[in-house]
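To start, the structure itself, in structure tokens.
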There are 2 protein chains.
Amino acid sequence: MTEVTRSAARRSATLEDVARVAGVSRATVSRVINGVRNVAPEIQETVRQAVEATGYVPNSAARSLVTRRAGAVALVVSGTGARDSDDEAARTRIFTDPFFGRVVSGVLSGLRPKGLHPVLMLADDADGREQVLAFLRQGNADGALVVSTHAEDPLPAQLARNGLPVVLFGRPQPRVPVSHVDLANHEGAALAADHLFARGCRRTAVIAGPSAVPAARERLDGFREAMKRRGLPDVPHAEADFTQAGGERAMTRLLADHPELDGVFAANDLMAQGALAILREQGRSVPGDVAVIGFDDSSAATAGRPLLTTIRQPVEAMAEEMTRILLDGLDRPDRPDRRAVSVVFEPSLVVRQSA
Amino acid sequence: MTEVTRSAARRSATLEDVARVAGVSRATVSRVINGVRNVAPEIQETVRQAVEATGYVPNSAARSLVTRRAGAVALVVSGTGARDSDDEAARTRIFTDPFFGRVVSGVLSGLRPKGLHPVLMLADDADGREQVLAFLRQGNADGALVVSTHAEDPLPAQLARNGLPVVLFGRPQPRVPVSHVDLANHEGAALAADHLFARGCRRTAVIAGPSAVPAARERLDGFREAMKRRGLPDVPHAEADFTQAGGERAMTRLLADHPELDGVFAANDLMAQGALAILREQGRSVPGDVAVIGFDDSSAATAGRPLLTTIRQPVEAMAEEMTRILLDGLDRPDRPDRRAVSVVFEPSLVVRQSA
DNA sequence: AAACCTCGATAGAGCGCTCTCACGGCATGC
DNA sequence: GCATGCCGTGAGAGCGCTCTATCGAGGTTT
């Protein structure tokens, strides 16, 4: 084998090669490969055989260049609140949270029918945000799915300003018109309050999420408002960071300040687990002495004993809907109806053992 | 503004535009944008200003087309064992496992210096494997990081056969020469055995992972061999699926068959948590009546009480090393030293409360 | 002073694909 | 019988970039 043929064998087949083998033009092969439009059946067959014979695989860079479509979407985790972008512990924490895994799972489900795959990006500081922006503007991805945590996260606005298709998990800042999916957090928290009240709890407390996170605020407010309606206007709370360790610290504080507690509502399951651990250590039985309700119905809810009573958030379905909205927007010929779409999901109460 | 100028403004600036503004050639602008080689400082400055003025962003499809580099790597989760690819529960389970999150975190760390981002792919059936293969052959990614679970997973071999750069998490089948990172699972299991023995446990059992997973086999074998060396050749075990629920079932079975148990080694932390839950339910104190050791030192280890004594697997560091190996291979000019590289990490014992 | 380098910049080919436009052949309408 | 329309195919431009070959200017060598 000469040097020439070897290098020829090395480089993979192109449309040109297939066309030559099939005895047709490049354009015809292209038509067969993509949406088959007006090509005689017998020629289609010939082309297909030529593709087989040459082992042809379309080059996506070339295709993207002319179609101006990347055929990819970015999945951005934004604003983790890591102070330092080298803070691997913080990064691991967010990716280890069951919430993240459920989002990934839902996104994958939503993308699968279209044969797309998400590019994972972390935008936890200005530099990371710049990277996401550049990535999209360079055409590496056609749109972004953003899981943003902080309310003041500027990324959604930046993306929207650049005219890039975005869908958010969670409500964006009021002034930013961006498509998103969300959960009725108020209602979820009220469900928890009602259940605790019905059990007879009158001295409840809340382990809240970071006040910078809108969903966390809504859960706290929703719970307090529901209790107020029942004549209990004073519900103490401690703020934590959505982690188990944070939940432990918050529970410890709460117990010290309010030893008479008989019910706890945690803004997510991880913190509820932390609460459970501390209650056990301090010799309080759950749900006998203190009833505990979590939020999310993630895998953490059934990870320990007692099994956690919790408010279910259909994260997978929400993530799937998020990709659907994005893909719809990409398909649409740009102009018409470019307004932001939003879909709000309803939470539900899942009663197990802890309350 | 006329229709023409508007559409001109719409489409983003190209190299040509920048060159015109800067009064130089396309090639010079290209040199400035990329590795700056032999360009007079003042011209560099002029070009930079022109880039600024035009808001130029390089088009990566065009670049990829000529460089034949995608500037992306695939992160493939392969062989989850989901029977049905529509089995969302199974999919969520794998992504919810802290192990996955740690891998993602490590990969991100390894990719960050190069400004790359992983494309997430799930290859849980033949169709998924085909997609991964096609994706890489189309040049969408330059290489793959594969987290493969089953020993008989054909994907690594398929990729290697196609000459695509791959690095595996975990040892591949014996006959497949593929770069990988791995943990000394035998040694880790022996560490667990030694610790239990030193505590006085003589009636231990193992909650093993799926026998199709090489790492699971090694952990079981390592534990049994270590116990055998100490004169305890009979260590019962129950096989589970690396999930908490599976751990619970295995523990229940083990307890029924061997009520006299005084020590349990679980092949991962999730199953150890399951064991803890069952032991509590059955009124056995941990570590008083039964000592428990997990494996991984994931977030699950500190998720409940008692805190789990476990064998630490440095997943983040392993994942980071995995990307380093892949990127090194991509940089190298192909031919020389194309042999498979492997790096084996050492586990360590982390003593907490459960043993 | 002529020949030779060297360095910085340009011209232009070409990566592999899609898509518009033109064209030939055939059926249809008057 | 000739104009008309449609359908299937081919020719060719061009997407935005990189990179090789080339050229010109200025300095050095003999």
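Below, chain A is the first sequence line, B the second, and so on; all start at residue 1. Excluded from the calculations below are hydrogen atoms, water molecules and symmetry mates; all remaining heavy atoms, backbone and side chain alike, are included.
At whole-Å resolution of the value, CG in B:Leu15 and P in C:dG12 are 17 Å apart. Rounded to an integer number of Å, the gap from B:Gln44 CD to C:dG8 P is 10 Å. Note: CG (A:Asn34) to P (C:dC19) measures 7 Å, nearest angstrom. Spacing between atom CZ of B:Arg20 and atom C1' of D:dG16 amounts to 13 Å, rounded to whole angstrom units. The distance from atom CG of B:Asn140 to atom P of C:dG16 is 15 Å, rounded to the nearest whole Å. Rounded to an integer number of Å, the gap from B:Asp17 CG to D:dC15 P is 11 Å. In this structure, the CG atom of A:Leu65 is 8 Å from the C1' atom of D:dC17, given to the nearest Å. Computed from coordinates, the B:Ile33 CD1 to D:dT18 C1' distance equals 13 Å when rounded to whole Å.
Considering only residues two or more places apart in sequence or on other chains, A:His180 meets the ring-ring contact (aromatic ring centres under 6.0 Å, His included) condition with none of them.
Candidate nucleotides C:dA13, D:dC15, D:dA11 were compared by shortest atom distance to the side chain of A:Val66, and D:dC15 ranks first. Taking the side chain of A:Asn59 as heavy atoms from C-beta on, and the options C:dT18, C:dG16, C:dC19, the nearest nucleotide is C:dG16. Looking at the side chain of B:Arg63, the nearest of the listed nucleotides C:dT10, D:dC17, D:dG12 is D:dC17. Side chain of B:Thr28, nearest nucleotide from C:dT18, D:dG10, C:dA9: C:dA9. For A:Arg31, taking side-chain heavy atoms from C-beta onward, the closest of the listed nucleotides D:dC17, D:dG16, C:dT20 is C:dT20.
A:Asp17 and A:Thr54 are not linked by any side-chain donor-acceptor pair at a separation below 3.5 angstrom, with hydrogens and angles left out of the test. Side-chain contact, A:Ser109 with B:Arg91: a donor N or O sits under 3.5 Å from an acceptor N or O.
Distances shorter than 4.0 Å separate none of the side-chain N or O atoms of B:Ser30 from OP1 or OP2 on D:dC17. Contact annotation: A:Thr14 side-chain N/O to C:dG16 OP1/OP2 distance is not under 4.0 Å.
Fit an axis to the five pairs at each end of the helix from C:dA1-D:dT30 to C:dC30-D:dG1 and the two axes sit 50° apart, to the nearest 10 degrees.
B:Arg68 contributes no side-chain N or O that forms a donor-acceptor pair with the base of D:dT18 under 3.5 Å. In the interface, the side chain of A:Arg26 is paired with the base of C:dT18 through a donor and an acceptor atom under 3.5 Å apart.
Between B:Arg112 and A:Asp127 there is no salt bridge, since no side-chain N of the basic residue sits under 4.0 Å from a carboxylate O of the acidic one. Salt bridge annotation for B:Glu320-B:Arg324: present, with a cationic side-chain nitrogen under 4.0 angstrom from a carboxylate oxygen.
Two residues, A:Ala27 and B:Ser60, neighbour DNA chain D, and the one matched to the more 5' nucleotide by heavy-atom proximity is A:Ala27.
Proximity of a side-chain donor or acceptor of B:Ser179 to a complementary backbone N or O of B:Val341 within less than 3.5 Å is detected. Remark: side-chain polar atoms of A:Asp142 are not paired, donor with acceptor, to backbone N or O of A:Val73 under 3.5 angstrom. No donor-acceptor pair under 3.5 Å is formed between the side chain of B:Asn140 and the backbone N or O of B:Leu136.
Backbone-only contact: A:Ala40 has heavy atoms under 4.0 Å from sugar-phosphate atoms and none from a base.
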